[in-house]
> 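Sharing a structure here in structure tokens format.
To find a chain, count down the sequence lines: A is the first, B the second, and so on, and within it residues start at 1.
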Amino acid sequence: MEQYLQKAILEALTKMGVSGDQIPEIQIETPRDPSHGDAATNVAMMLAKPLRNNPRKIAEELVSTLKTDSSRIEAVEIAGPGFINFRYSDSYLYNELTDLLKEGEDFGKSSGRKGIKALVEFVSANPTGPLTVGHGRNAVLGDTVARLLEWTGADVHREYYFNNAGRQMRVLGQSVRARYLQELGKDAELPEGGYEGEYIRDIAKKLIDEHGDSLLNAEDEKVFKESAEAAIFEEIRKTLERMNIRMDSFFNEHTLYENGSIDNVLKVFREKGMAYDEDGAVWFKTTEFGKDKDTVLVKSSGEPTYRLPDIAYHANKLERGYNLCLDVFGADHIDTYPDVLNGISVLGYDKELVDVLVYQFVTLVKDGKPFKMSTRKANFVTLDELMDEVGEDVTRFFFLMRSPNTHLEFDVAQAREAGEKNPVFYLQYAHARIQSILRKVHETSDRSGESNLSLLTHDSEITLIKKLLSFPDAVELSATHREPHRLITYLNELASTFTSFYHDCRIMGVEEDLQQARANLAAATARVLKNGLRILGITAPDQM
RNA sequence: GCGCCCGUAGCUCAACUGGAUAGAGCAACUGCCUUCUAAGCAGUAGGUUUCAGGUUCAAGUCCUGACGGGCGUACCA
């Protein structure tokens with residue numbers, strides 16, 4: 001429809017003798033106030049200046065030369081300072097609704113991103129402990145944006161990047177060893193900055209079950225580290241699974257050392273004069289890109305900083321043929337992003353192919369006051385604990401309902417009591433309610449499928465149809481901005497529009513043809529709710 | 001100090017990236033269950049969009065400055 005209108009307007013403008021370079025981009029938008037029509041354009045106002053004419057005058061001329069098909073557009077009006085409003089004809093709505101019902105579980109899918117091979121990298125928490133509420137936002141955002149990209153035609157790969165070689169992991173192994181020794185009655189203390197969580201003790205106990213005290217004389221923390229990593233990753237995988245998230249691959253940073261990618265980055269950087277040695281360290285000339293200081297790539301100890309593998313990793317992704325690399329990370333990592341982009345462009349890759357979704361922090365509110373979480377200090381709420389309290393659907397919904405760009409206040413107490421009056425239930429309830437009605441309709445009537453949709457003439461019915469038809473737009477908008485909360489806003493509006501219809505128009509007990517038409521309208525609503533919830537990774541129960 | 005993000009109803013947040021009268025949900029108040037799920041609906045109240053300038057037909061949205069908050073600003077990840 002949008003394209004149809006753009007084309008019609010363009011033709012009319014040309015006919016009016018407006019030259020091509022004067023014609024602005026023709027914007028079609030949905031007015032906030034439905035009484036203004038179903039679509040509107042502001043071209044007349046945009047043209048006011050170049051044509052040196054009153055916008056309303058331009059609008060009048062445009063409307064009189066504009067040609068539209070009456071089976072699609074019923075009325076064209078001029079309003080306000082020079083808006084041109086279009087009202088869809090009912091026959092157009094009925095045709096579209098018929099298509100919606102036909103498309104069923106595919107309604108809302110589009111092919112705009114066909115040809116895009118996307119790699120979405122998210123979670124990427126090192127295996128030092130269970131996933132916490134802090135990781136939850138990352139995980140759910142990443143997965144949902146991946147789903148949005150899939151729905152709009154992209155081919156999506158989900159990847160979890162981790163590093164099991166750093167200092168963190170060494171301390172983890174030492175912590176497990178300390179607990180192992182303690183469990184066997186030996187004198188041992190956690191290392192400086194060791195992990196204090198109870199799960200460390202569990203891993204140590206498991207080691208005793210499997211190996212008895214045979215590890216007492218283990219040379220280093222290696223065996224402890226490895227078993228801790230395996231155990232923790234197993235837990236992480238289960239947690240993700242529970243949240244409806246399945247990774248396609250786990251990428252170990254170590255690979256980049258083994259296959260020479262790291263060395264290659266340094267080599268190319270040196271060749272291009274973008275890296276140099278000083279004070280025993282290797283530096284990246286980030287000042288060339290406008291930063292205050294150059295950045296260390298390899299410490300004087302010989303150990304790389306995390307920026308070096310980050311650059312190599314992104315080059316690796318592009319090397320694998322992805323033409324969209326989407327990173328999901330918290331605002332605290334924002335500063336590394338330019339370094340990575342500059343790094344890969346030094347290597348000759350197109351940095352436009354890398355995109356980033358930054359989300360603001362989750363402020364955990366416990367006992368009415370915010371508190372800092374720390375995996376190391378065992379001062380955290382795990383995602384599993386959260387899901388035990390409020391359920392998987394509520395957990396996903398909660399992380400998605402706010403713009404990624406704003407701080408998310410997570411009140412644990414409130415989440416606990418969320419139960420009945422949680423916003424996610426509003427959507428699920430609407431769906432369940434429709435299913436219940438449809439079950440009853442089927443019991444009392446043999447008729448199914450075909451119906452005369454043109455019997456749907458009540459204001460509430462027309463409003464609902466229009467809302468349903470804008471679902472693909474909501475998906476697309478959500479996908480382009482990488483902002484799932486836009487879809488949630490849409491679904492809330494849809495559910496609300498439906499309940500108004502539900503109160504205004506009875507489905508059962510009216511004349512049979514009308515009953516059938518309304519049943520189909522309700523079925524279409526259930527369909528859209530279900531499709532939307534599927535994108536969010538939330539269930540759409542048939543009963544509640 | 002410098003960089004990034006934010007500041008909207010009592011609270012938590014929207015506002016289709018510059019459009020028409022700034023909207024929802026909680027919380028408060030008033031109605032509505034002998035008929036399809038009241039986990040609901042209809043309504044009332046609540047605002048100088050932190051402040052001051054600027055840009056233009058039009059600013060919550062863009063630019064400048066101030067104030068307030070968050071996060072960075074490591075040879076930590």
> With a cut-off of 6.0 Å (strictly less than), are more than 12 heavy atoms of other residues, nucleotides or ligands near CD of Glu278(A)?
yes
> Between Ser403(A) and A14(B), is there a side-chain N or O to OP1/OP2 distance below 4.0 Å?
yes
> Got a donor-acceptor contact below 3.5 angstrom from the Thr499(A) side chain to the Ala495(A) backbone?
yes
> Say we look at U21(B) and A15(B): how far apart would their C1' atoms be, to the nearest angstrom?
14 Å
> Extract the stems that RNA chain B is part of, considering only consecutive pairing runs of at least three Watson-Crick or G-U wobble pairs, both distances under 3.5 Å.
B:1-7 with B:67-73, B:10-13 with B:23-26, B:28-32 with B:40-44, B:50-54 with B:62-66
> What I'd like to find out is whether the side chain of Thr444(A) reaches to under 4.5 Å of the side chain of Gln515(A), using heavy atoms alone.
yes
> What is the glycosidic conformation of U17(B): syn, defined as within 90° of 0, or anti?
syn
> Does Asn163(A) offer a backbone N or O that forms a donor-acceptor pair with the side chain of Asn252(A) under 3.5 Å?
no
> Indicate, with a heavy-atom threshold strictly under 4.0 Å, whether Ser500(A) touches base, sugar-phosphate, or nothing.
sugar-phosphate
> Calculate the interatomic distance between Asp277(A) atom CG and C75(B) atom P; express it in whole Å.
16 Å
> Taking the side chain as every heavy atom from C-beta outward, state whether Val424(A) and Ile538(A) have any atom pair closer than 4.5 Å.
yes
> Taking the minimum atom-to-atom distance to the side chain of Thr30(A), which one of C75(B), A77(B), C16(B) wins?
C16(B)
> Quiz question: going by heavy-atom distance under 3.5 Å, is there a donor-acceptor pair between the base of C6(B) and the side chain of Thr406(A)?
no
> More 5' along RNA chain B: Thr499(A) or Asn126(A), using each one's nearest nucleotide?
Thr499(A)
> Quick one: label Arg167(A) by what it contacts on the DNA or RNA (base, sugar-phosphate, nothing), any heavy atom closer than 4.0 Å.
sugar-phosphate
> Using a heavy-atom cut-off of under 4.0 Å over every strand shown, decide if Ala430(A) touches base, sugar-phosphate, or nothing.
nothing
> Would you classify Asn492(A) as touching base, sugar-phosphate or nothing, given that sugar-phosphate means primed atoms plus P, OP1 and OP2, and contacts are heavy atoms under 4.0 Å?
nothing
> What is the nucleic acid contact for Ala281(A), judged by heavy atoms within less than 4.0 Å: base, sugar-phosphate only, or nothing?
base
> List every contact pair, protein side and nucleotides 35-38 of chain B side both N or O, where the distance is under 3.5 Å.
| residue | atom | partner | partner atom | Å |
| --- | --- | --- | --- | --- |
| C36(B) | O3' | Lys440(A) | NZ | 3.2 |
| C36(B) | O2 | Met508(A) | N | 3.0 |
| C36(B) | N3 | Ile507(A) | N | 3.2 |
| C36(B) | N4 | Tyr502(A) | O | 2.6 |
| C36(B) | N4 | Cys505(A) | O | 3.4 |
| U37(B) | OP1 | Ser436(A) | OG | 2.9 |
| U37(B) | OP2 | Ser436(A) | OG | 3.3 |
| U37(B) | OP2 | Lys440(A) | NZ | 2.6 |
| U37(B) | O2' | Tyr429(A) | OH | 2.3 |
| U37(B) | O2' | Arg433(A) | NE | 2.8 |
| U37(B) | O4 | Ala432(A) | O | 3.4 |
| U37(B) | O4 | Met544(A) | N | 3.3 |
| A38(B) | OP2 | Arg433(A) | NH2 | 2.6 |
| A38(B) | OP2 | Tyr502(A) | OH | 3.2 |

> For U56(B) versus A42(B), give the span between their C1' atoms, rounded off to a whole number of Å.
42 Å
> Counting just side-chain N and O atoms, does His333(A) come under 4.0 Å of either OP1 or OP2 of C71(B)?
no
> With a non-hydrogen cut-off below 4.0 angstrom, is Ser496(A) in contact with a base, only sugar-phosphate, or nothing?
nothing
> Considering only the C1' atoms, how many Å lie between A74(B) and C2(B), rounded to the nearest integer?
16 Å
> With distance as the sole criterion, is a donor-acceptor pair present between the side chains of Tyr276(A) and Asp294(A) under 3.5 Å?
yes
> Of the options C75(B), C2(B), C13(B), whose atoms approach the side-chain atoms of Trp283(A) most closely?
C75(B)
> Does the side chain of Phe329(A) come within less than 4.5 Å of Val356(A)'s, by heavy atoms?
yes
> Looking at C5(B), G72(B), C57(B), which one has an atom nearest to any side-chain atom of Asp335(A)?
G72(B)
> How close or far is atom C1' of A14(B) from atom CD of Glu493(A), stated in whole angstroms?
9 Å
> Starting at atom CZ of Arg402(A), determine the distance to atom P of C11(B), rounded to an integer number of angstrom.
14 Å
> Roughly how many Å is it from CZ in Phe329(A) to P in G72(B), rounded to a whole number?
14 Å
> What's the gap between G53(B) and U17(B) when it is taken at their P atoms, as a whole Å value?
29 Å
> Do the ring planes of Tyr313(A) and Tyr161(A) sit parallel (below 30°), tilted (30 to 60°) or perpendicular (above 60°)?
parallel
> Please determine, for the side chain of Thr489(A), which listed nucleotide (C4(B), A77(B), A14(B)) has the closest atom?
A14(B)
> Could you say whether the aromatic ring of Phe83(A) and the base of A20(B) stack, counting only centre distances under 5.5 Å and plane angles under 30°?
yes
> Please give, in whole Å, the distance from C13(B) P to Ile488(A) CD1?
14 Å
> Go through A20(B), U17(B), C41(B) for me and flag the one nearest to the His481(A) side chain.
U17(B)
> My understanding is that only residues two or more places apart in sequence, or in another chain, count here; which of them pass side-chain contact (heavy atoms from CB on, under 4.5 Å) with Gln360(A)?
Arg137(A), Ala331(A), Asn405(A), His407(A)
> If you draw the axis of the six-membered ring of Phe107(A), does the NZ or CZ of Arg527(A) fall within 45° of it and under 6.0 Å from the ring centre?
no
> From CD of Gln27(A) over to C1' of U61(B), roughly how many Å is that when rounded to an integer?
14 Å
> Are Phe233(A) and Tyr160(A) close enough that their ring centres sit under 6.0 Å apart?
yes
> Distance check: side-chain N/O of Thr305(A) vs OP1/OP2 of A77(B), anything under 4.0 Å?
no
> Is it true that Glu476(A) and Arg113(A) make a salt bridge, defined as a side-chain N closer than 4.0 Å to a carboxylate O?
yes
> Could you tell me whether the side chain of Asn42(A) has a donor or acceptor atom within less than 3.5 Å of a complementary atom in the base of G19(B)?
yes
> For the backbone of Leu464(A) and the side chain of Thr497(A), can you confirm whether one donor and one acceptor N or O come within less than 3.5 Å of each other?
no
> Without decimals, in angstroms, what is the distance between Tyr359(A) OH and C71(B) C1'?
13 Å
> Find which nucleotide of RNA chain B each of Asp332(A) and Asn85(A) is nearest to by heavy atoms, and output the residue with the more 5' nucleotide.
Asn85(A)
> Tell me whether His485(A) and A14(B) count as stacked here, given that the ring centres must be under 5.5 Å apart and the planes must differ by less than 30 degrees.
no
> Could you check how far CZ of Phe397(A) sits from P of A14(B), rounded to whole Å?
13 Å
> Using the side-chain heavy atoms of Leu477(A), tell me which of these nucleotides is nearest: C16(B), A14(B), A39(B).
C16(B)
> Under a 90° cut-off about 0 for the syn range, is C33(B) syn or anti?
syn
> Take atom P in C26(B) and the same atom in G68(B), then report the distance between them in whole Å.
35 Å
> Starting the side chain at C-beta, find the nucleotide from U73(B), A42(B), C5(B) nearest to Lys293(A).
U73(B)
> With heavy atoms under 4.0 Å as the rule, sort Ala474(A) into base, sugar-phosphate or nothing.
nothing
> Can you see if the side chain of Tyr426(A) gets near the phosphate of C41(B) - specifically, an N or O under 4.0 Å from OP1 or OP2?
yes
